[in-house]
Amino acid sequence: MGSWLLLLPVGVASPVKAAAGVSHREPLQAFPLSSLPAAARGLVKGSFKQGFRWNDLDGENYLILTETGAFETPGQRRRQDFDASQDAELYAYRFVNVNGRFSPVWQVTDFVRNCPLDLTAEFLPDATEVTDLDNDGFAEVWVMYKTACRGDVSPATLKLIMYEVNQKYALRGTTRIALPDVSVGGEKTPDARLRASRAFLRHAERKWKQFYVEFSQ
């Protein structure tokens with residue numbers, strides 16, 4: 001694609017890893033989350049983890065990733081003979097700025113509920129990516145995250161979600177545990193929309209291979 005795709009990280013975040021064929025000539029520039037209008041910020045839940053801004057044929061786009069971290073499960077009765085369970089949530093938001101009006105385009109929401117063990121609900125920041133693999137002028141936005149409630153060395157649920165405009169593509173499975181005495185996990189299943197696109201599926205499988213190992217030796 002050409003040089004119109006401009007990726008701008010929001011705040012302090014790891015750099016975007018551009019796919020093969022994606023280029024930009026402008027330097028990356030950071031800016032604070034407070035740059036979003038109050039109306040848009042009011043829709044964002046959780047603590048800011050990562051964000052990017054880019055321009056494509058939709059206009060000026062913003063991606064915001066947030067996590068709540070663990071919090072006590074609402075409504076539970078406290079007892080002395082067991083540990084309180086916890087919840088955690090994570091969110092990915094895309095906004096588009098059209099003539100100064102910031103409108104939500106899509107939102108990814110996932111969570112862990114009622115977990116009395118070790119809780120995980122977090123994005124893989126190095127996997128966040130904005131591409132244009134089909135060269136149609138509309139960016140593809142990739143986010144990857146894992147969720148788990150576990151008290152041992154076992155795989156977490158792993159999801160790679162991609163949106164092009166408002167169409168969702170997903171590769172879902174588990175992380176891989178590869179230790180001398182434990183070798184488990186690593187399964188993955190693409191959804192029907194992802195299977196139908198050779199270019200998107202190929203890229204998703206490359207990303208999965210890069211990030212799916214959680215523990216190894």
For the student: nearest non-hydrogen atoms of [X] and [Y], plus distance:
X      : Y      : value
Leu171 : Pro190 : CD1-N, 3.4 Å
Val112 : Cys149 : CG1-CB, 4.1 Å
Cys115 : Leu119 : CB-CD1, 3.8 Å
Thr175 : Glu214 : OG1-OE1, 2.7 Å
Ala121 : Leu90  : C-CD2, 3.6 Å

Ring centres under 6.0 Å, that's the criterion: do Phe52 and Tyr62 meet it?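 Phe52 vs Tyr62: aromatic centres not under 6.0 Å.
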I'd like to know whether the aromatic ring centres of Phe102 and Phe95 sit less than 6.0 Å apart in this structure.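 Judged by ring-centre distance (under 6.0 Å), Phe102 and Phe95 do not meet the cut-off.
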Should [X] and [Y] count as side-chain neighbours, where that means a heavy-atom distance under 4.5 Å?
X      : Y      : result
Arg176 : Leu158 : no
Lys168 : Met162 : no
Leu124 : Phe211 : yes
Leu194 : Leu160 : no

So, [X] versus [Y]: side-chain donor-acceptor pair below 3.5 Å or not?
X      : Y      : answer
Thr66  : Ser47  : no
Glu140 : His203 : no
Asn61  : Asp56  : yes
Tyr169 : Gln167 : no
Trp142 : Thr128 : no
Thr147 : Asp110 : no

Might you confirm whether atom CG of Asn99 has over 12 heavy atoms from other residues, nucleotides or ligands at distances under 6.0 Å?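 Result for CG/Asn99: open.
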Neighbour count above 12 (heavy atom, 6.0 Å) for Arg150 CZ: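 Result for CZ/Arg150: enclosed.
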Six-ring centre of Phe111, Arg113 cation under 6.0 angstrom, axis tolerance 45°: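 Relative to the ring axis of Phe111, which defines the angle, Arg113 lies inside both limits.
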